[in-house]
Protein chains: 2
Amino acid sequence: MEILTTLYLGDSKEKLKMLSDNSVDLIVTSPPYADQRKNTYGGIHPDQYVEWFLPISKQLLRVLKPTGTFILNIKEKVVDGERSTYVMELILAMRKQGWYWTEEFIWHKKNSYPGKWPNRFRDSWERLLQFNKDKKFNMYQEEVMVPIGDWAKKRLKNLSETDKKRDNSKVGSGFGKNISNWLERDKAYPTNVLHLATECNNKNHSAAFPEELPAWFIKLFTKENDTVLDPFMGSGTTLIVANRMRRNTIGIDNVPEYYDMVRTQIQQVELYLLESKTEYEKTKSEGRISVR
Amino acid sequence: MEILTTLYLGDSKEKLKMLSDNSVDLIVTSPPYADQRKNTYGGIHPDQYVEWFLPISKQLLRVLKPTGTFILNIKEKVVDGERSTYVMELILAMRKQGWYWTEEFIWHKKNSYPGKWPNRFRDSWERLLQFNKDKKFNMYQEEVMVPIGDWAKKRLKNLSETDKKRDNSKVGSGFGKNISNWLERDKAYPTNVLHLATECNNKNHSAAFPEELPAWFIKLFTKENDTVLDPFMGSGTTLIVANRMRRNTIGIDNVPEYYDMVRTQIQQVELYLLESKTEYEKTKSEGRISVR
DNA sequence: GTTCCGCATGAATCGATAG
DNA sequence: ACTATCGATTCATGCGGAA
């Protein structure tokens, strides 16, 4: 199966109209925050942020599959000593637009930006808002399981009576089964708090987005050959990770430098893959790039 | 200076009217979260939550000093597969009421409630919303500095223990300048993410949150002889910690059992302090209780 | 007195069943 | 159809008794 990369140079609101209905499995994006990145995106005033984003999210709702998920990385800025409310307003507005606000993950940035202010501490977390088109969506939880805590080693030696009793309440069916489940368990499901350091990027752009972040959501919400969209791709972290994980990718950005940079980088990855192939049919079937 | 404890049995909305304007330095509270089951616990329906809370927050705004801070611990529940929006709406409504929404701290609960569902992971964080009456407020950042390095977590965990011992090392200025400078350099300001475990078992009752949580905010936003208010004191964790830290406290609850329990516990602490005093003037000046 | 280990239980959430 | 109740699922922690 061929993996496709499609890049668009231009405004998201317009370029998204070129995508088909119900064609995307996962959207992961970090749009320009209000009043920030003035040089590149022109900066949206906090008061106009919701108004600016709603036409875009409307398109995203259209192109997302009913089983798909939209992960929005965002954090409100401090304006005149208090937190702006545009994220709150955006959530409310998107629900009216038809989105379900399924969950809010917390991205805890371990090495947050340094600084000192008299009235606040360093901001070391961001929101990862999960929106869905339908209440039923694809979620592959086993893909992101984490090692269980040390307490488990001791615990697994002996099962407490209470555990047996709790399991017992399910009368009759599969009593011995539960115990064996616990005995073999060395991994646990994660929570809705993600601990990731911000990447110390050596590149010449500003998007501090660790690869683990999109990788986690790509593993959780898609499988191979699914399609991942980033309507504000920036330096393309999401796309590059998704491409590497053998997902089809669609990226949009209105900054030519970003567009060129991502295109070059994806092509390099694809070339590398091509060179490492020995069989003809693999060469033929993989690594196709569609850059428009 | 005498430390005063004032307890009210009754509805917060009404009892708060008995407090003077601009008389409280810090409000730390965890109101009942919205509950769908109105009949069983008298919970507030999510749709009516904002309407229910606004009269109370109006009183809180009145009694808070201009230099004071209001910390609101809250988390929205999942209703019908998605997160409720009443917290978002509450923030917006409280701003209209005159509050400044200064900051949102994250309380990361490491031992969150277990469980597995097809569409979400365990919820392991809560909001700690900081509201202020004025853009200038008291904040004693040095009081909550944490050691740098691996021992930071351990130290944070022991903070409440240190409070009990009423750390004397600062007072006795026997340190040479070199050493104190060196010590200072080992500390860093915290961020807006707090890592604390929920306390499983207290003696007789279950505490809503660990003592470290109110202790942290009490240190950060008040000094000795300031006044701390909890309009939904519940089992009284905030009040007991504040009392131990030599802050005047005001507590309100409409559950007689809680009221009696907190009153008893505060009195026991005060009696213990009394018994440990040897000098007459200390006995005279401390430990007065005003229970109404 | 330390350290180790067993154990109960949390501001949870979903899906099925009952009224 | 809609709402209330109940069973099932599952992880980390502090406490108390034991070595």
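Per chain, numbering begins at 1; letters A, B, ... match sequence-line order.
Taking 4.0 angstrom as the limit, N119(B) places a side-chain polar atom (N or O) nearer than this to OP1 or OP2 of dC14(C). Within the structure, a side-chain polar atom (N or O) of R83(B) is placed less than 4.0 Å from OP1 or OP2 of dT13(C). Neither OP1 nor OP2 of dA11(C) sits under 4.0 Å from any side-chain N or O of K77(B). When the side-chain nitrogen and oxygen atoms of R120(B) are compared with OP1 and OP2 of dC14(C), one or more of them lie within a distance under 4.0 Å.
The nearest whole Å value for the distance from the CG atom in N73(B) to the C1' atom in dA11(C) is 9 Å. Remark: P of dG14(D) and CD of E211(B) are 12 Å apart, rounded to the nearest angstrom. Look at NZ on K110(B): it is 21 Å from P on dG10(C), rounded to the nearest Å. Taking atom CD on Q141(A) and atom C1' on dT9(D), their separation rounds to 11 Å, with Å as the unit. One interatomic measurement links the two molecules: CD1 of I148(A) to C1' of dT13(D), which rounds to 14 Å at whole-angstrom precision. Taking atom CG of N111(B) as the reference point, atom P of dC11(D) lies 13 Å away to the nearest angstrom. Rounding to whole angstrom units, CH2 of residue W125(B) and P of dA12(C) are separated by 15 Å. Rounded to a whole Å, the CZ atom of F121(B) is 14 Å from the C1' atom of dT9(D).
With C1' as the reference atom, dA12(D) and dC14(C) are 22 Å apart, rounded to whole Å.
Defined by atom type and a distance below 3.5 Å, a donor-acceptor pair is missing between the side-chain atoms of T191(B) and R122(A). A side-chain donor-acceptor contact under 3.5 Å links E126(B) and N73(B).
Remark: K133(B) fails to qualify as a cation-pi partner of W99(B) under the 6.0 Å distance and 45° angle criteria applied to the six-membered ring.
Note: F70(A) CZ to Q130(A) CD = 11.5 Å, rounded to the nearest 0.5 Å.
Checking dT9(D), dA11(C), dG15(C) against every side-chain atom of T198(B), the shortest atom distance belongs to dA11(C). Minimum atom distance to the side chain of K116(B) is reached by dT10(D), of the listed dT10(D), dT13(C), dG10(C). For S30(B), the listed nucleotide lying nearest its side chain is dA11(C); candidates were dA11(C), dG15(C), dA12(C).
Remark: dA16(C) base-pairs with dT5(D); criterion is Watson-Crick or G-U wobble with both hydrogen-bond distances under 3.5 Å. If you check dT10(D) for Watson-Crick or wobble pairing at under 3.5 angstrom, you find it has no partner at all.
Salt-bridge check for R120(A) with E82(A): failed, with every basic side-chain N at 4.0 Å or more from each acidic carboxylate O. Salt bridge D25(A)/K65(A): present, at least one basic N to carboxylate O contact under 4.0 Å.
Of the two residues contacting DNA chain D, namely P147(A) and Y113(B), the nearest-nucleotide position lying further toward the 5' end is that of Y113(B). Annotation: of the two residues near DNA chain C, P32(B) and K136(A), the 5′-most nearest-nucleotide partner is P32(B). Comparing S112(B) and E103(A), the nucleotide of DNA chain C nearest to each residue sits closer to the 5' end for S112(B).
Nucleic acid contact class of P190(A) (heavy atoms, under 4.0 Å, all strands): none. Counting non-hydrogen atoms under 4.0 angstrom, T191(A) reaches nothing in the nucleic acid.
Between the side chain of Y33(B) and the base of dA11(C) there is no donor-acceptor pair of N/O atoms closer than 3.5 Å.
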